[in-house]
Visitor: 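Got a structure for you, written out below as C-alpha cells; questions coming shortly.
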Amino acid sequence: MSYPFSQIEPKWQAFWQKNKTFRTPDQPDSGRQKFYALDMFPYPSGAGLHVGHPEGYTATDIICRYKRMKGFNVLHPMGWDAFGLPAEQYAIETGTHPRETTQRNIDRFRAQLQAIGFSYDWDREIATTDEDYYRWTQWIFLKLYEKGLAYQAEVPVNWCPALGTVLANEEVVDGKSERGGHPVIRKPMRQWMLRITAYAERLLADLELVDWPDSIKEMQRNWIGRSEGAEVTFAVRGSDAKVVVFTTRPDTLYGATYMVLSPEHALIEQLTAPEQRSAVKAYQEAAARKSDLERTELQKEKTGIFIGAYAINPVNGEDIPIWIADYVLAGYGTGAIMAVPAHDERDGAFAQTFNLPVRVVVQPTDGSDPVGFVGDGIAVNSPLIDGLSTPDAKKKITAWLEAEGLGVARVNYKLRDWLFSRQRYWGEPFPVIFVDGEPKPLSPDQLPVRLPEVSSYKPSGTGESPLATIPEWLNTTDPATGKPALRETNTMPQWAGSCWYYLRFIDPKNPGAPVDPAKEKYWMPVDLYVGGAEHAVLHLLYSRFWHKVLFDCGIVSTKEPFQRLVNQGMILGEDNQKMSKSRGNVVNPDDVIREYGADSLRLYEMFMGPLEAVKPWSMRGVEGVFRFLNRAYRLMCDEETGALLPAVGGDATSEQLRALHQMLMKVGDDIEGLRFNTAISAMMEFTNEAQKWTQRPHAAMDAFVLALSPFAPHLAEELWEKLGHSNSLAYEPWPKYDPARLVSDTMEIPVQVNGKLRGKVIVPVGTAQEAILAAAQGEASVQAQLSGKSIRKVIYVPGRLLNLVVT
RNA sequence: GCCGGAGUGGCGGAAUGGCAGACGCGCUGGACUCAAAAUCCAGUAUCCUCAAAGAUGUGUGGGUUCAAGUCCCACCUCCGGCACCA
C-alpha cells in the first residue's frame with residue numbers, strides 16, 4: 001500500500017490552475033523584492049519531454065517556491081523555442097504544416113510539464129512562432145539594421161546539399177551537419193550577417209559582471225579569442241602592391257623568412273608570376289573544393305605553393321618568398337602572415353616540408369633549444385631590439401613600425417560575424433524588401449511580416465528558401481513609394497527567437513513594445529538562469545549581444561541579461577551511457593509519474609547528486625525517494641483511511657525540537673546553495689527520527705510539511721490540508737529555524753592520539769579543556785596509547801576535537 | 001596539443017584543514033505473515049579475528065601540518081569544450 005499520489009497530484013494541479021496560485025501580477029510591486037528565475041525554454045520536439053528537461057526545471061521550481069515563502073515577488077515563466085528544422089523536415093516528408101506539428105508538440109509539452117507540478121505562471125506562456133512574438137523579433141532586427149549591425153555579404157558559407165541550406169559554423173561539427181551528420185561544403189552566397197564582432201570587446205569585458213561558472217566564462221573568452229599584436233605592411237619587389245599581415249609576435253620580424261597568403265587572398269591574382277599562374281590556380285581550386293573537414297582533419301601534411309613573387313621585409317630590406325597555403329585562414333586577421341619558422345610550430349612544419357630557411361631571433365632564458373621555441377625570451381639577431389625581453393621587444397618594434405608608417409598595433413578576435421540567414425520556411429521572415437535590387441527595411445508599423453501559406457516546404461535546392469517559390473508573396477510593393485519590390489526570402493535562424501525571450505516574459509502581451517520600460521526595470525536582470533551546458537557559447541553569446549544592442553538603444557536597463565547562470569549536468573541512462581533511442585535507454589517521465597508520481601520524479605531528479613554533475617538514472621533510486629514520501633505520509637496519516645493520525649499532537653520535547661530545527665537549518669541553507677540532494681537527505685533523516693516518536697507535535701509536522709513543499713508540492717499541499725489548514729501553503733512563511741533549539745546539553749568529543757582516532761568522550765556543553773583532557777585520559781582505549789609515553793602537546797578545537805601529541 | 005571539470009564502499013553520492021563513507025540504492029540477518037509483497041528492526045569499506053583490540057584505506061608518488069579526501073608539487077586516468085586564429 002502506498003500513499004494515493006495518483007489522486008493527490010491531479011487534485012492540486014487543478015487547484016493551482018483554477019485559483020491561479022502562481023500568477024505573477026502584471027503591475028510590478030516595487031515594495032517587494034523580486035526574484036526572476038528562468039529556465040532555458042525547450043524546443044518542443046515530437047519526442048516529448050525526457051527526464052533531462054525536468055532536472056533544471058525542478059531546481060528552479062524549488063527555488064521559486066522557496067522564494068515565494070520567503071516573501072519575494074517571483075517571476076517564473078515558461079515558453080517554447082518553436083521555430084526549427086525538425087518540424088520543417090516533418091512537413092517536407094508528410095505535407096503537414098509546421099504550425100500544426102508545432103502546436104501539437106507544444107500542447108504535449110505543456111501537459112507534461114503541468115503533470116510535474118511546476119509553478120509557472122502559464123498566463124505568460126509565449127512561443128517564438130507566435131505572430132505577436134516574432135513581430136518583435138523582426139522589430140529588433142530593424143534596430144540592428146538601423147545601427148549598421150545587420151548587413152549583407154557574399155560569403156563562403158557552409159552549404160549542406162542534403163539539408164538544402166547553409167549552416168552556421170557552430171552547426172557544423174567535424175565538417176558535417178550537427179543535425180543529421182550530412183557532409184558540408186563551402187559555397188559563396190548572399191547572406192545576412194550580424195556584426196557581433198563590433199561587440200567583441202564588451203562581450204569579453206562584461207563577463208566580469210556576471211556570476212557564471214568559470215568554465216562557461218572561459219569557453220566564451222576562448223570563443224571570442226582576443227589577441228593583441230600588430231599589422232605589418234610589406235612592400236612587394238617589382239610591384240606597388242602592399243601586403244598587410246597580422247602577427248602577435250612583431251618581435252620576431254627579423255626571423256620572417258617567407259610569407260604566406262590564404263588561397264582566397266585578394267592580391268594573389270595580381271602578384272602571381274606568369275610561370276606560376278596555372279599551378280597557383282590549381283592550388284586555389286583544390287583548396288576551395290576542400291571541406292572544413294579536409295582542411296582540418298587531414299592537416300598532417302602542410303601544403304602550399306610559391307607564387308613567384310617576393311615581399312620585402314621592412315626591418316632589413318630582405319626579399320622573402322610569397323607562398324599561398326591553406327593553413328592560413330582567409331577569415332582571420334588580414335588573411336596573410338609573415339612566417340617565422342623558428343618560433344612558430346606551424347611555420348616550422350611548413351618550412352621543413354618545403355625546405356625554407358629557419359632563423360633564430362628569440363633566445364630562451366633557460367638554455368633550451370631556440371629552434372621551435374615559441375615562448376617569451378630575449379631578442380637576438382634583431383638589430384633594433386637585440387637584448388630586449390619579448391614583451392619589451394614587442395613594444396619597441398611596434399612603436400618603430402608605427403613611427404615609420406610600416407605598421408600599427410592591432411587587436412584581433414577569433415569571433416566572426418554571425419551568419420544570420422537560413423534558406424528555410426519555418427523561421428522569422430526578414431522585415432526587408434528589395435527595391436530596384438537594393439535592400440530596404442520596412443517600417444515598424446509594417447510588422448509583422450507573416451509567413452505565407454505554402455503548398456511545398458521543400459527547399460528549392462538552389463540555395464533559396466521555399467518562400468522564393470511563391471510569387472504572390474515574393475512580389476510586393478514598397479509601401480513608401482508604391483514601387484514594385486521583392487521580399488527577402490531568407491528566414492532567421494532558430495537562435496533569433498531565443499535571444500530575447502526573457503524580456504517578453506516580463507510583459508508578454510504588450511501590443512506597443514517588446515517590453516514595458518518600468519516592468520523591465522523592475523524585473524531585470526534574470527536572477528537565476530538554469531540550462532544545459534550545450535548553450536555555453538552560442539545562445540548565451542548571441543543573447544548577450546542582442547541585449548547589449550538593446551541596452552545601447554535604451555530598451556533595457558542592464559548591461560547583462562543573466563546575473564547568475566547554472567548548468568545542470570546531463571542525466572545518463574541506467575547503463576551510464578548518453579540516453580538515446582538507438583541505445584534503448586531513454587527514460588520517459590510519464591512512466592515515472594504513472595508509477596511513482598510527480599513528487600517522486602521531482603525528488604529523485606534532485607536527489608541523484610549535485611545539480612551540475614553528470615549522473616546516471618536509476619529506477620531503484622526513484623523507489624528510494626518514493627519510500628521516503630510514503631514514510632512522510634505515514635508520519636501524519638493513516639495509510640488505509642487517509643485520516644490524520646491521533647499521534648499528531650502534543651507538546652514538542654527539546655529533542656524533537658532539536659531534530660526539527662536541525663533539519664530546517666540544513667534545508668534552508670541547502671536550497672539557497674542549490675544543494676538539493678543534501679537538503680533531501682536532511683529531510684530523510686528527520687522522518688527517520690520522527691517516525692519513532694509516539695507523539696508527533698502538530699507544529700513540528702506543520703514546519704516539516706512546509707519545508708518539504710518546494711520539493712514535493714502535491715504531497716505537501718495534501719498534508720497541509722489534512723493538518724487543518726484551509727489555504728494553499730504556497731505563500732506560507734518559510735519555517736525559520738531557531739538557533740536556540742539546536743543546542744544540546746552534552747557534546748561528544750573525538751579524542752585523537754597523534755592524529756589517530758582512539759576514543760570519544762561525552763561531556764556537558766561548555767566543559768573546559770582540562771576537564772576534557774582528564775576525561776580522555778580516563779578512556780581505556782586512549783590510556784592504552786598513552787602508557788609509557790609522555791604528552792608533548794595538547795590540541796583542543798573547542799567543541800570539535802581533542803588531539804594529544806605523544807612520544 | 002590547449003582550456004575547463006572530476007577521480008571516495010558493490011552503486012548514486014556526503015564531508016567550514018578536525019570522527020571518511022551522511023542520505024539513498026543494493027546485499028545479509030531478524031520481526032510481522034499460512035506464505036509472499038509491503039512495512040519495521042539490526043548489520044553492511046578492506047584485512048586479521050568468535051569477538052574485542054589492531055592494521056590498512058578517498059587515482060599514483062612526494063610534501064606542508066598536531067591533524068590532509070580537503071592545501072602545495074609532479075604524474076596517471078576519465079569527461080566536457082576548443083583545435084592550423086599567426
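This is a predicted model, so every value here is computed, not measured. Each chain gets a letter, A, B and so on, in the order its sequence line appears, and its residues count up from 1. The basis for the numbers below is simple: all heavy atoms, side chains too, and nothing from hydrogens, waters or symmetry mates.
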Visitor: Between A:N222 (CG) and B:C3 (C1'), how many Å, whole number?
Guide: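 Computing the A:N222:CG to B:C3:C1' distance gives 6 Å.
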Visitor: In whole angstroms, how far is the C1' atom of B:G80 from the CD atom of A:E612?
Guide: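 About 14 Å, once rounded to whole Å.
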Visitor: Does the protein touch nucleotides 16-23 of chain B at the base, only the backbone, or not at all? Give it as B, S and - per nucleotide, heavy atoms under 4.0 Å.
Guide: B-BB--BB
Visitor: Find the distance A:H343:NE2 to B:C84:C1' and express it as a whole number of Å.
Guide: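 After rounding, the gap between these two atoms is 19 Å.
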Visitor: Quick check: on RNA chain B, is the nucleotide nearest A:V805 upstream (toward 5') of the one nearest A:K692, or the reverse? Name the residue that is more 5'.
Guide: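 So the residue in question is A:K692.
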Visitor: Mind checking if A:S781 touches a base, just sugar-phosphate, or nothing, with heavy atoms under 4.0 Å?
Guide: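 No contact.
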Visitor: Please give, in whole Å, the distance from B:A86 C1' to A:L329 CG?
Guide: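 So the two atoms are 9 Å apart, to the nearest Å.
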Visitor: If we take the P atom in both B:A52 and B:A37, what is their distance in whole Å?
Guide: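 Here B:A52 and B:A37 have their P atoms 31 Å from each other.
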Visitor: Assign A:P610 to base, sugar-phosphate, or nothing according to its heavy-atom contacts below 4.0 angstrom with the strands shown.
Guide: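 A:P610: backbone/sugar contact only, no base atoms under 4.0 Å.
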Visitor: With rounding to whole Å, what would you report as the distance between B:G59 and B:A14 at their P atoms?
Guide: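 After rounding to an integer number of Å, I get 14 Å for this pair.
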Visitor: Let's see if you can work this out: which of B:C40, B:A14, B:A86 has an atom nearest to the side-chain heavy atoms of A:V328?
Guide: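 Of all the options, the side chain of A:V328 is nearest to B:A86.
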Visitor: Do A:R221 and A:W212 meet the cation-pi criteria used here (NZ or CZ under 6.0 Å from the six-membered ring centre, within 45° of the axis)?
Guide: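 Here A:R221 fails the 6.0 Å and 45° test against A:W212.
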Visitor: If you measure from the P atom in B:C71 to the same atom in B:U77, how many Å do you get, rounded?
Guide: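 Looking at atom P only, B:C71 and B:U77 are 22 Å apart.
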Visitor: Please give, in whole Å, the distance from B:G12 P to A:N576 CG?
Guide: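 To the nearest whole Å, that distance equals 7 Å.
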Visitor: Base, sugar-phosphate alone, or nothing: which one does A:R758 contact when heavy atoms must sit under 4.0 Å apart?
Guide: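 Here A:R758 touches the backbone only, sparing every base.
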Visitor: Nearest-Å distance, CD (A:E574) to P (B:C25)?
Guide: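 Answer to the nearest Å: 15 Å.
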Visitor: Check A:E201 with A:R226, please: is the shortest side-chain N to carboxylate O separation under 4.0 Å?
Guide: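 Answer for the salt bridge query: yes.
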Visitor: Given that both pair distances must be under 3.5 Å and the pair must be Watson-Crick or G-U, what runs of three or more consecutive pairs involve RNA chain B?
Guide: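 Detected stem regions: B:1-7 with B:76-82, B:10-12 with B:23-25, B:26-31 with B:39-44, B:45-47 with B:54-56, B:59-63 with B:71-75.
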Visitor: With a 4.0 Å cutoff (strictly under), does any side-chain N or O of A:K756 reach OP1 or OP2 of B:U56?
Guide: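 Answer is yes, contact under 4.0 Å.
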Visitor: Under 4.0 Å between a side-chain N or O of A:R627 and OP1 or OP2 of B:C40?
Guide: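 Answer no for this pair, as no side-chain N or O of A:R627 is under 4.0 Å from OP1 or OP2.
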Visitor: What are the two closest heavy atoms between A:Y283 and A:A325, and how far apart are they?
Guide: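 Closest pair (atom of A:Y283, atom of A:A325, distance): OH-CA, 3.6 Å.
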Visitor: With a non-hydrogen cut-off below 4.0 angstrom, is A:S618 in contact with a base, only sugar-phosphate, or nothing?
Guide: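 The answer is nothing, as A:S618 stays clear of every strand by at least 4.0 Å.
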Visitor: Do the ring planes of A:W323 and A:Y258 sit parallel (below 30°), tilted (30 to 60°) or perpendicular (above 60°)?
Guide: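 Ring orientation of A:W323 relative to A:Y258: perpendicular.
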Visitor: I want to confirm an ordering. Mapping A:T247 and A:D214 to their closest nucleotides on RNA chain B, which one lands closer to the 5' end?
Guide: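 Upstream on the strand: A:D214.
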Visitor: To the nearest Å, give me how far apart CD1 (A:I571) and P (B:G13) are.
Guide: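 To the nearest whole Å, that distance equals 12 Å.
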Visitor: Quick one: label A:V260 by what it contacts on the DNA or RNA (base, sugar-phosphate, nothing), any heavy atom closer than 4.0 Å.
Guide: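 A:V260: no heavy atom of the nucleic acid under 4.0 Å.
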Visitor: Roughly, in whole Å, what's the span from NZ in A:K414 to P in B:C84?
Guide: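 Answer to the nearest Å: 8 Å.
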Visitor: Does the structure place the NZ or CZ of A:K302 under 6.0 Å from the centre of the six-membered ring of A:F350, at an angle of no more than 45° from the ring's axis?
Guide: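 Judged by the rule, A:K302 and A:F350 form no cation-pi pair.
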Visitor: Please check if the number of heavy atoms outside A:D369 that lie under 6.0 Å from its CG is greater than 12.
Guide: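 Correct, the count exceeds 12.
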Visitor: Taking the P atom of each, how far is B:U64 from B:C48, in whole Å?
Guide: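 Nearest-Å result for B:U64 against B:C48 at atom P: 34 Å.
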Visitor: Please classify B:G13 as syn or anti, treating any glycosidic angle within 90° of 0 as syn.
Guide: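 It is anti.
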Visitor: Can you check whether A:R634 has a side-chain N or O nearer than 4.0 Å to OP1 or OP2 of B:C40?
Guide: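 It does, given that an N or O in the side chain of A:R634 lies less than 4.0 Å from OP1 or OP2 of B:C40.
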Visitor: Angle class for the A:F628/A:F704 ring planes (parallel below 30°, perpendicular above 60°, tilted otherwise)?
Guide: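 Geometry flag for A:F704 against A:F628: perpendicular rings.
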Visitor: Between B:C40 and B:G21, how far apart are the C1' atoms? Round to whole Å, please.
Guide: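 Per the computed distance, 25 Å lies between those C1' atoms.
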Visitor: A:I337 side chain: which of B:C41, B:C25, B:A86 is closest?
Guide: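 Minimum distance to the A:I337 side chain belongs to B:A86.
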Visitor: Give me the atom names and distance for the closest heavy-atom approach of A:P321 to A:L356.
Guide: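 So the two residues come closest at CG-CD2, 4.4 Å.
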Visitor: Could you tell me how far B:G57 sits from B:A20 if I compare only their P atoms? Round to whole Å.
Guide: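 One P to the other, the span is 13 Å.
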Visitor: Please give the distance between the C1' atoms of B:U16 and B:A68 as a whole number of Å.
Guide: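 Rounded to whole Å, the distance is 15 Å.
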Visitor: Using a cut-off of less than 4.0 Å, is there contact between a side-chain N or O of A:Y327 and OP1 or OP2 of B:A86?
Guide: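 For A:Y327, the contact criterion (side-chain N or O under 4.0 Å from OP1 or OP2 of B:A86) is not met.
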Visitor: If you look at every heavy atom in A:I62 and A:F711, which pair is closest and at what distance?
Guide: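 Taking A:I62 first and A:F711 second, the nearest heavy atoms are CD1-CD2, 3.6 Å.
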Visitor: Rounded to whole angstrom, note down the P distance from B:G7 over to B:C11.
Guide: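 Looking at atom P only, B:G7 and B:C11 are 15 Å apart.
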Visitor: Can a donor-acceptor pair be found, under 3.5 Å and without considering hydrogens, that links the side chain of A:R544 to the backbone of A:L203?
Guide: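 Confirmed, A:R544 side chain pairs with A:L203 backbone.
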Visitor: Can you tell me if A:S215 touches the phosphate of B:G80, counting only side-chain N or O atoms and a distance under 4.0 Å to OP1 or OP2?
Guide: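 No.
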Visitor: Is A:E605 salt-bridged to A:R602, going by a charged N under 4.0 Å from an acidic O?
Guide: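 Between A:R602 and A:E605 there is no salt bridge, as every charged N stays at least 4.0 Å from the carboxylate O atoms.
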Visitor: What nucleotide among B:C3, B:C41, B:A86 has an atom nearest to a side-chain atom of A:E218?
Guide: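 Looking only at side-chain atoms, A:E218 lies closest to B:C3.
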Visitor: Please determine whether the number of non-hydrogen atoms from other residues, nucleotides or ligands lying under 6.0 Å from atom CD of A:Q352 exceeds 12.
Guide: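 It does not: A:Q352 CD has 12 such atoms or fewer within range.
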